[in-house]
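To start, the structure itself, in structure tokens.
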Protein chains: 2
Amino acid sequence: MKHKGKATSFDIAHYAGVSQSTVSRALRNSPLVNEETRRKVHEVAAKLNYKVDKNASNLRTQQSSTLALLLFEDPTTDESQINPFFLSMLGSITRACAKEGYDLLVSFQSSSQDWRADYEDSHRADGIILLGYGDYLDYQSRLQQLLEQNTKFVCWGAKVDGRPDLTVSCDNYGGGQLAAQHLIEQKRTDCAFIGDASHHSPEFFARYQGFRDTFLAQGIQLNERKIANAISTQDSGYHATKSLIANNVHFNALFAASDLIAIGAIRALQEAGIMVPNDVRVVGFDNIPAASYVSPALTTVQQNTTLAGQMLVSNLLSLIRGEEVESTLLPPNLIVRNT
Amino acid sequence: MKHKGKATSFDIAHYAGVSQSTVSRALRNSPLVNEETRRKVHEVAAKLNYKVDKNASNLRTQQSSTLALLLFEDPTTDESQINPFFLSMLGSITRACAKEGYDLLVSFQSSSQDWRADYEDSHRADGIILLGYGDYLDYQSRLQQLLEQNTKFVCWGAKVDGRPDLTVSCDNYGGGQLAAQHLIEQKRTDCAFIGDASHHSPEFFARYQGFRDTFLAQGIQLNERKIANAISTQDSGYHATKSLIANNVHFNALFAASDLIAIGAIRALQEAGIMVPNDVRVVGFDNIPAASYVSPALTTVQQNTTLAGQMLVSNLLSLIRGEEVESTLLPPNLIVRNT
DNA sequence: CCACTTTCTGACACCGGTGTCATAATGTCG
DNA sequence: CGACATTATGACACCGGTGTCAGAAAGTGG
């Protein structure tokens, strides 16, 4: 049974002594085909190592059993380093896709550039997952265009009022609350915040708000001088903290909007001779793998990436099936370690 | 210009007042079509937001402009945690694919299960990249089958004699040498090795060999008692080191077969009151992102993931084009930090 | 035994492009 | 101006499946 090219359903039909139509039906286990015929066809197909041509099948059925993942990187991040939190997400999304019988196309996009989302237009994917921190979605017009084209997509990240996309996100506000409660319990009420207290990054801002409001409810107002901006990199956290210290700003606790920032902050503190957690307690956000490696191990607000991946995929699939879907908010979880 | 479904080349043809054939040619910038016609077609296509149907196009041309990445996880690893080294590789492979104009399908495979590699058979991908540590490829028969089916694939990892696949890998032996040389320069010749000194993992074994041989060349033989087995996780490294300490094994340097192992080892040492690097110097392997976060920052042998990703992709593409390709060995690089 | 349903199969159009071939339109040259 | 090359285009088969429809074969019942 040697062939030049790969076997087609006609080859199977020939060897099984049935028509090609019957082969197609038999392989998809259609109830229309006789049990014995079905067995025979499967047998021949296995022997010829036949696999359905996805291109032909997708073309005919007008769907691809494939999802596309667009990963937007922070444009200021080092080219080779990808935010480990998103890599965790990627892992869980991949698994969730596999479980649903979908393939996953992965593509990195630079937020600065005009990103392409033509995976659905070109019938390569049935839907798109958008993943990224920050303002990558501020291209309102782009989202609008996706909606108008009736492209199926879900976004990871904060739900922004007035933005009409379907999102799955961690309850960033609640996570900020968790961090604040933890520090209040530890009697550390003189807090610094490193992240982004402006509207630039919706996620970071929500974390900040939850944190701030929880302190406010205790009658404690965060001091503006103790807030420093940073993007989600270690270096950025390091420098932001460094400048607080240089300005003689004093605090006994620090909430970082992401673990990478927290790790950078701890480095800055330690270099300045400030002990963690004795002098300053630190709480991060994300629970990236490295959070447990660093010493002291980082106390942080965990985002459940496994669940997040599953929700992104299942929401997207619902959307593709034409069902009504609501944006989803996932509960965060405080992981208390040594900082 | 409203449509029910997505626009096809026939729609473009209709609006542009030409035949569908001409549209197809014009969009692919065939020299056969008149400049003015070409412009007109492009214009209409842009207005209708037309994108070529990849399924139809792939079906006809019998190729997919897509590569598949199979990522084999260490079966003992926690489900949610993926070896960060491979995530770095994934990032660089994605980028390399994008640069070459290819899409990338990503799929996680459990090495224990019977893995599927039918992406090429089903015409979803033109070739496959296999990525994983350890013995995931010991399924000789599986590889043999891929070869017989004339599936195009490249593997990441050590070149194993007698295994007929095309590989791209880091010079693990040379990396072991680098680590040994570094420690010898530091006058730390009483060394432990944590990893796998058996043939189980070809990569780890090669690292061990390079390390061992370099010491041998100095007339120093590694003490068997100072060798402990571990797989590439932090916990495994932690426990392996713990048991060395428990057995009263003494050493003033430690070479770990991977950074995760090294990070676990450092934790075990610190818990035992052994100072790093004063009492024991530690060298890891991989240079994962976390290596620079931990304190003290880890001295390690770097694998150039950016280059590795590029080589995997370019070698695979050469193979697909039917060119002769040699397995590639990439030079490692010692990163001296604080351990 | 004939009318009628049920079960199974094959023929055929179709999905949306690509490549080949024929041919019309235009240009070139002796 | 007729023979021929060049350029641009359209008609059409084809890639490898899926879905529809018609009809053969077998079963059922009055």
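In what follows, every heavy atom counts, from backbone to side chain, and hydrogens, waters and symmetry copies are set aside.
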### Message
Could you work out, with side-chain contact (heavy atoms from CB on, under 4.5 Å) as the rule, every residue matching A/Ser9, not counting sequence neighbours?
### Response
A/Gln20, A/Val23, A/Tyr50
### Task
For B/Lys152, check side-chain contact (heavy atoms from CB on, under 4.5 Å) against everything at least two apart and list the hits.
B/Glu120, B/Asn150, B/Leu316, B/Leu319, B/Ile320
### Query
What pairs meet the salt bridge (charged side-chain N to carboxylate O under 4.0 Å, His left out) rule with one or both residues in residues 19-35 of chain B, with sequence neighbours excluded?
B/Glu35-B/Arg38
For [X], side-chain hydrogen bond (donor to acceptor under 3.5 Å, both in side chains) partners two or more places apart:
| X | value |
| --- | --- |
| B/Asn315 | B/Thr328 |
| B/Arg39 | none |
| B/Thr151 | none |
| A/Asn34 | none |

### Message
So if I take the C1' atoms of five pairs at each end of the helix from C/dC1-D/dG30 to C/dG30-D/dC1 and get each local axis, what angle do the two axes make, rounded to 10 degrees?
### Response
50°
### Query
So which of B/Asp103, B/Leu105, B/Val313 actually passes side-chain contact (heavy atoms from CB on, under 4.5 Å) with B/Cys97?
B/Val313
### Query
What residues, two or more places apart in sequence or in another chain, satisfy salt bridge (charged side-chain N to carboxylate O under 4.0 Å, His left out) together with A/Glu323?
A/Arg321
Would you list the protein and nucleotides 8-10 of chain D atom pairs, both N or O, that sit under 3.5 Å from each other?
{"from": "D/dT9", "atom 1": "OP1", "to": "B/Thr37", "atom 2": "OG1", "distance (Å)": "2.7"}
{"from": "D/dT9", "atom 1": "OP2", "to": "B/Asn34", "atom 2": "N", "distance (Å)": "3.0"}
{"from": "D/dT9", "atom 1": "OP2", "to": "B/Thr37", "atom 2": "OG1", "distance (Å)": "3.4"}
{"from": "D/dG10", "atom 1": "OP1", "to": "B/Ser19", "atom 2": "N", "distance (Å)": "3.2"}
{"from": "D/dG10", "atom 1": "OP2", "to": "B/Ser19", "atom 2": "N", "distance (Å)": "2.7"}
{"from": "D/dG10", "atom 1": "OP2", "to": "B/Ser19", "atom 2": "OG", "distance (Å)": "2.7"}
{"from": "D/dG10", "atom 1": "OP2", "to": "B/Thr22", "atom 2": "OG1", "distance (Å)": "2.5"}
{"from": "D/dG10", "atom 1": "O5'", "to": "B/Ser19", "atom 2": "OG", "distance (Å)": "3.4"}
{"from": "D/dG10", "atom 1": "N7", "to": "B/Arg25", "atom 2": "NH2", "distance (Å)": "2.9"}
{"from": "D/dG10", "atom 1": "O6", "to": "B/Arg25", "atom 2": "NH1", "distance (Å)": "3.3"}

### Message
For a 4.0 angstrom threshold against heavy atoms of chain B, report the outermost contacting nucleotides of DNA chain C in 5' to 3' order.
### Response
C/dG16 to C/dT20
### Query
For residues 61-72 of chain B, which residue pairs qualify under side-chain hydrogen bond (donor to acceptor under 3.5 Å, both in side chains), counting only residues two or more places apart or in two chains?
B/Ser64-B/Asp126
